[in-house]
Amino acid sequence: MDMVDVLVIGAGPAGLNAALYAARKELTVKVVTTDIGGQMLLTNEIENYLGFPSISGFELADKMEAHVKQYPVEFVYAGVKSLVKEGDGTFTAHLDDGGELRGKACIVTAGKHSRTLDIPGEKEYTGRGVSYCATCDAPFYRKKTVAIVGGGDSAVQAAIELAKLCPKVYLLVRSRIRAQEILVKRMKELENVKVYIGYTPEEVKGDKKVQGLVIKNKADGKTEELSVDGVFVEAGGIPNNSYLPSDVKVNSLGEIMTNKEGETNVDGLFAAGDVTDCRNKQVIIAAGEGAAAALAAHEYLLRSGL
């Protein structure tokens, strides 16, 4: 089994930029991933990536991929079951297809996956009115009424996009809206978006397809049912890190704890992007963290003599 200098897990903006920077340092690099683009692929429009006033997540991912592939970076399309640090200081990634990859250093950039609501009816109606990707599924709800659950950037952006297609959009926020001010301002200008702050989703109802969402007012405990054709869950994400060695430090959210260089508490193991405890989850920040982690990995390899 070939040993590479740097093994990158994940191919979102952090992973792609980490691979690019490592390759430019003349390091051998393999990227193991199930897709290219990560959560960028779930974003209809990106307006805050420097150099691109407006670009879709798919298009930006394509441009990043093409850039990285100008260098001798090998992509392996598989999931990671476990990551083991060997006695000699190197890392072995055991893949879900039975294969193995080895690296002298490893950079984890696997991002997050959608958080579920864990309420009655959610699982039953997933794919039949319950969706976790407004960018992917919005066209199916043209001229229909929908509800969105969440208060971050993705939820507010979904409300803005769906308001262009739907006569009525409900935004359900558990505590407070945490999205960027410019997005909140745009949403508030839309007359067909109604925001419920201080409400929780309780049950998805329907008959073969979604027909309603039961919500509860946290202040008084009263419930009401919204008549909707679709429910979009934009309630944040869970880090994709179940394969990590048990001694890797994570915070209460399961995010990998790193310093500003992308170093973890395990020598030779680095992390970047949404899988980490970085406060602001943004494409451009993830890309910068990927670069920092790759440069730190290069320095680590020079010091360690691996």
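One-based numbering along the sequence shown. What you see below is based on every heavy atom in this structure, not just the backbone, and it leaves out hydrogens, waters and symmetry mates. As the structure is a computational prediction, the values presented were derived from the model and not from experiment.
Summarising the geometry, atom CE belonging to M40 is positioned 10.0 Å from atom CD1 belonging to I36; distances are rounded to the nearest 0.5 Å. Remark: T135 OG1 to Q157 CD distance equals 7.0 Å, nearest 0.5 Å. Note that CE of M3 and OG1 of T28 are 9.5 Å apart. Values are rounded to the nearest 0.5 Å.
Both V193 and I160 belong to a common hydrophobic cluster when Ile, Leu, Val, Met, Phe, Trp and Tyr are linked at side-chain heavy-atom distances under 4.5 angstrom. Both M64 and V31 are members of a single hydrophobic cluster when ILVMFWY side chains are connected at heavy-atom separations under 4.5 Å. If you chain together hydrophobic residues whose side chains sit under 4.5 Å apart, I256 and Y243 fall into the same group. Side-chain heavy atoms closer than 4.5 Å link hydrophobic residues (I, L, V, M, F, W, Y) into clusters, and following such links, possibly through other members, connects L20 to L27. Under a hydrophobic clustering in which Ile, Leu, Val, Met, Phe, Trp and Tyr are joined whenever their side-chain heavy atoms come within less than 4.5 Å, directly or via other members, V68 and L60 fall into the same cluster.
Formation of a donor-acceptor pair under 3.5 Å by the N265 side chain with backbone atoms of D247 is found in this model. Proximity of a side-chain donor or acceptor of T276 to a complementary backbone N or O of A272 within less than 3.5 Å is not detected. Between the side chain of E122 and the main chain of D118, a donor-acceptor pair closer than 3.5 Å is present. Between the side chain of K281 and the backbone N or O of C278, at least one donor-acceptor pair lies under 3.5 Å. Proximity of a side-chain donor or acceptor of N280 to a complementary backbone N or O of Q282 within less than 3.5 Å is not detected. Between the side chain of N17 and the main chain of A287, a donor-acceptor pair closer than 3.5 Å is present. Within the 3.5 Å criterion, the main-chain N or O of V80 finds no donor-acceptor partner in the side chain of D96. Judged by distance alone, with hydrogens and angles left aside, the side-chain atoms of H94 form no donor-acceptor pair with the main-chain N or O of S82 at under 3.5 Å. Remark: the backbone N or O of E59 is paired with a side-chain donor or acceptor of S56 at under 3.5 angstrom.
With hydrogens and angles left out, the side-chain atoms of T92 and E100 include no donor and acceptor closer than 3.5 Å. No hydrogens or angles considered: a donor-acceptor pair under 3.5 Å links the side chains of S54 and E45. Inspection of the R102 and T90 side chains reveals an N or O donor paired with an N or O acceptor under 3.5 Å. Under 3.5 Å, the side chains of D229 and Q211 contain no donor-acceptor pair of N or O atoms. Residues E255 and N251 have side chains that bring a donor and an acceptor to within less than 3.5 angstrom of each other.
A 6.0 Å sphere centred on NZ of K185 holds no more than 12 heavy atoms belonging to other residues, nucleotides or ligands. Other residues, nucleotides and ligands contribute only 12 or fewer heavy atoms inside 6.0 Å of the NZ atom of K216. The environment of Y170 atom OH is dense: over 12 non-hydrogen atoms of other residues, nucleotides or ligands sit within 6.0 angstrom. When the shell of 6.0 Å around CD1 of I284 is examined, it contains more than 12 heavy atoms from other residues, nucleotides or ligands. Heavy-atom neighbours of L50 CG from other residues, nucleotides or ligands within 6.0 Å: at or below the threshold of 12. The environment of CZ in R24 is sparse: at most 12 heavy-atom neighbours from other residues, nucleotides or ligands sit within 6.0 Å. Atom CD of E191 has 12 or fewer heavy atoms from other residues, nucleotides or ligands within 6.0 Å. Remark: K85 NZ is packed, more than 12 non-hydrogen atoms of other residues, nucleotides or ligands lying under 6.0 Å away.
Salt bridge status for E202 with K218: absent, with no side-chain N to carboxylate O gap under 4.0 Å. Ion pairing between K208 and E124 fails under the 4.0 Å rule for side-chain N and carboxylate O. In this structure, D274 does not pair ionically with K112, as no charged nitrogen and carboxylate oxygen lie closer than 4.0 Å. We find that D277 and K249 are not joined by a salt bridge, their nearest charged nitrogen and carboxylate oxygen being 4.0 Å or further apart.
The nearest pair of heavy atoms linking L269 to T264 is O-OG1, 2.8 Å. Closest of all the heavy-atom pairs between E65 and Y77 is OE2-OH, 4.4 Å. In plain terms, the two heavy atoms of T34 and A78 that are nearest each other are CG2-O, 3.7 Å. Scanning all heavy atoms of the two residues, the minimum distance from A134 to A158 falls at CB-CB, 3.6 Å. When all heavy atoms of A293 and A271 are compared, the closest pair comes out as CB-O, 4.3 Å. Closest of all the heavy-atom pairs between E261 and A296 is O-CB, 3.5 Å.
In this structure the side chain of C166 never reaches within 4.5 angstrom of the side chain of R142, judged on heavy atoms. Counting heavy atoms from C-beta on, the side chains of L83 and F91 come closer than 4.5 Å. Side-chain atoms of V8 and T109, non-hydrogen and from C-beta on, do get closer than 4.5 Å to each other. Contact of the P201 side chain with the L213 side chain is registered, since non-hydrogen atoms from C-beta on lie closer than 4.5 Å. Two residues are said to be in side-chain contact when any heavy atoms from C-beta on lie closer than 4.5 Å; V169 and T145 fail this criterion. No side-chain heavy atom of Y196 sits under 4.5 Å from any side-chain heavy atom of L171. Between Y199 and E224, the closest side-chain pair of non-hydrogen atoms falls below 4.5 Å. In this structure the side chain of V108 never reaches within 4.5 angstrom of the side chain of N241, judged on heavy atoms.
Note that K69 lies in the cation-pi zone of F75, set by a 6.0 Å cut-off to the ring centre and a 45° limit from the axis.
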inquiry  = salt bridge (charged side-chain N to carboxylate O under 4.0 Å, His left out) for K104 and D5? Distances and angles first, verdict last.
reply    = CA-CA 5 Å; K104 298 175 184 177; D5 294 318; 3.4 Å; yes

query = Given the rule in the side chain to side chain donor-acceptor pair (under 3.5 Å) test, do N259 and E263 qualify, once you have shown the distances and angles that lead to the verdict?
reply = CA-CA 6 Å; N259 62 15; E263 297 171 324; 2.6 Å; yes

